[in-house]
Amino acid sequence: MNLLAKIRIYGALILGLIIFNSCEEKGDFGLGSDDVAPIEFQSEKISLNTSVVWLDSIRSNNLGRMLVGEHSGSEFGEISSTGYIGIDLNESRHPSLDEEAVFDSARINFTLNSLYDTSANNRELNIRAYPIIEEFKDTTYITRNSLQRSNQLIASRDIQVEKLDSVYAIHVDQAWASQIFEGIRSGDATFDSQSAFDAFFRGFALTHEGSSQNVFGIVPGASFELVLYYSVPLDDGSGGFSNRRIEMSSTGRPSFHNLTVDRSATDFSVVQQTNIEYPTVPRLVVQSGAGIVTRLDLSDLERFTNQNQGAIINLSEITIGPINDLQEGVPPPPSLFLFITDERNTVIRDGTVFRAIQRDGERISVLARDTPLQLIFDPDTRTYSGSMTKFTQAYFSDVFRRNEIFLYPSNMNLGASGFSVNTSNLNIKIFYSQLK
């Protein structure tokens, strides 16, 4: 008998057994039946102790965005941000300028990639550019850093921002730009090397000075450039001129922003020192850029574990919201990370990232490197939520336990938005099963 025939015979026998057994009387099968009666499904909320912490080291350099602007009127306080950016002399591409070359004008070109207030109104950028008179250092700049600038106004313009990712321009002071042009023409050593140029001009300090209220994201790098325009006579003897340009971008040059928040007239005015817990604020708060985070104490998980030995954790879910209303046009952070902290109240480095709770579904450690758990914001319910089942299972099994967690916004370095929430609107709920 060949193999195919044997398989068919065995298949028929198995089918017959299934049909025979199905003829026997069976009771209803379900959660309330005798088949699963020994298993009880329950849920429980975990009590949370909470506080607000102001972190001290939010990096603001080499991010692809500098924040520039001012904003007041939110529950978080008055926001102010200044951008600092260096210029690449680009000396290898300087043209040979003879006496017939005529300097025409200069301008700063730049691109915007974000707005604090995204509404159609309130989009006037009153931008001002001053020379930096303090040397950039070879260091990581944070939002609390700043550089001294002079009072010499090099460029200014009031710009109505119609759309993002478009090029905007500021006309530069003619006398200041002409000095650079003439230095290049004459072969002045100041304009022969980057180091000599840095001693002459450290870079731009960019501020927002006007009546409008918004914070803008300016793109550093190739999108930010100082351009000198000049013309030379045509070689055909017609008396006409050919327009030329000298380009100096900020590619490879340092840039960062200083962001400050004055909370003195807000409900969070008590928050005055970094890395200190403030448990008595009226609401919990998270604010990007400013470094304000909410700290969770998960120690009630230990009580839950001790009282439910032998249980199986089916689902553990964290929800934050609904959050309080924000100003129209100002969205909250798109998502939140659950970063691990300790008694020092700092974020903890794990290689190039911060140590965080691992998202569910990953087979590697409960501590994340590249796949941290994110709580996603739902604009319809105005709630952040996510599953932290893997972490809770590890805690319950005593594989890994840590009680101190930060709610850390995913756009901490790149924005200034935030939200507040009442303590009653922050919950961790565990769904579990156990034998009766």
Side-chain angles (χ1 to χ4, degrees), residues 30-33 35-51 53 277 279 284 286 293-321 335-351 353-378 383-408 410 421 423-436:
L31 295 180
S33 68
D35 296 281
V36 295
I39 301 178
E40 186 175 22
F41 295 89
Q42 301 183 63
S43 64
E44 185 173 337
K45 287 185 178 181
I46 299 301
S47 299
L48 295 170
N49 293 321
T50 59
S51 57
V53 174
E277 292 181 59
L284 301 177
V286 170
V293 295
T294 287
R295 185 183 190 274
L296 308 183
D297 181 351
L298 307 181
S299 56
D300 192 44
L301 279 174
E302 186 171 354
R303 186 272 313 161
F304 171 84
T305 298
N306 294 335
Q307 292 181 357
N308 296 281
Q309 292 296 314
I312 298 174
I313 306 300
N314 306 119
L315 174 67
S316 178
E317 189 173 48
I318 179 171
T319 59
I320 302 166
S335 61
L336 303 175
F337 296 118
L338 299 183
F339 280 176
I340 303 292
T341 185
D342 53 25
E343 66 279 357
R344 296 172 299 171
N345 288 315
T346 62
V347 286
I348 301 171
R349 280 279 175 195
D350 190 2
V353 296
F354 294 129
R355 190 165 298 173
I357 290 179
Q358 176 80 25
R359 73 186 180 199
D360 288 353
E362 299 296 330
R363 296 183 179 181
I364 55 178
S365 168
V366 70
L367 292 180
R369 283 184 56 83
D370 301 320
T371 55
L373 168 61
Q374 289 193 65
L375 309 184
I376 306 300
F377 182 70
D378 183 341
T383 299
Y384 292 89
S385 62
S387 171
M388 52 187 294
T389 305
K390 182 174 182 178
F391 171 82
T392 306
Q393 289 171 338
Y395 194 107
F396 191 81
S397 302
D398 203 14
V399 173
F400 174 82
R401 292 187 179 184
R402 182 61 69 89
N403 293 326
E404 300 83 12
I405 305 295
F406 281 150
L407 299 178
Y408 193 98
S410 58
V421 63
T423 54
S424 58
N425 290 339
L426 196 157
N427 296 288
I428 294 178
K429 192 171 185 178
I430 299 177
F431 298 85
Y432 63 101
S433 56
Q434 58 185 167
L435 295 175
K436 289 184 178 179

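FYI, the numbering just counts along the sequence from 1.
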**Q** Do the non-hydrogen side-chain atoms of Gln42 and Asn308 ever get within less than 4.5 Å of each other?
**A**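 Gln42 vs Asn308: side chains apart.
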
**Q** How long is the span from the CZ atom in Phe406 to the CG atom in Asn345, to the nearest 0.5 Å?
**A**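 Phe406 CZ to Asn345 CG: 5.0 Å, rounded to 0.5 Å.
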
**Q** Between Gln393 and Val399, is a side chain to side chain contact (heavy atoms under 4.5 Å, CB included) present by the stated rule, with each step listed?
**A** CA-CA 8 Å; Gln393 289 171 338; Val399 173; over 6 Å; no

**Q** Compare every heavy atom of Arg295 with every heavy atom of Glu404, then report the nearest pair and how far apart it is.
**A** CG-NH2, 2.9 Å

**Q** Going by heavy atoms in the side chains, are Arg303 and Asp300 under 4.5 Å from each other?
**A**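 Side-chain contact under 4.5 Å: yes.
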
**Q** Please give me the minimum heavy-atom distance between Ile39 and Ser433, naming the atom from each residue.
**A** CG2-CB, 4.0 Å

**Q** Output the distance between atom OG1 (Thr341) and atom CZ (Arg355), rounded to the nearest 0.5 Å.
**A** 11.0 Å

**Q** Given Met388, which of Leu315, Leu375, Leu373, Ile430 fulfils the side-chain contact (heavy atoms from CB on, under 4.5 Å) condition?
**A**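 That would be Leu373.
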
**Q** If you take all heavy atoms of Ala356 and Phe339, which pair is closest and at what distance?
**A** CB-CD2, 3.4 Å

**Q** Return the minimal non-hydrogen interatomic distance between Val286 and Leu407, and the atom names on each side.
**A** CG2-O, 3.8 Å

**Q** Rounded to the nearest 0.5 Å, how far apart are CG of Leu296 and CG of Leu48?
**A** 6.0 Å

**Q** Please name the pair of heavy atoms, one in Asp360 and one in Lys390, separated by the smallest distance, quoted to 0.1 Å.
**A**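 It is OD1-N, 2.9 Å.
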
**Q** How many angstroms lie between OG1 in Thr392 and CD1 in Ile428, if you round to the nearest 0.5 Å?
**A**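 If I round to the nearest 0.5 Å, the distance is 7.0 Å.
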
**Q** Taking the six-membered ring where the residue is Trp, are the ring centres of Phe304 and Tyr432 under 6.0 Å apart?
**A**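 Yes - the distance between ring centres of Phe304 and Tyr432 falls below the 6.0 Å cut-off.
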
**Q** State the CG-CD distance between Leu338 and Gln358, to the nearest 0.5 angstrom.
**A** 12.0 Å

**Q** Check Phe337 against Gln374 and note the closest heavy-atom contact, atom names and distance.
**A**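 Here Phe337 and Gln374 meet closest at CE2-CG, 3.2 Å.
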
**Q** Any chance you could measure Lys429, atom NZ, to Asn427, atom CG, to the nearest 0.5 Å?
**A** 8.5 Å

**Q** Can you tell me how the ring of Phe391 sits relative to the ring of Tyr395, calling it parallel under 30°, perpendicular over 60° and tilted otherwise?
**A** tilted

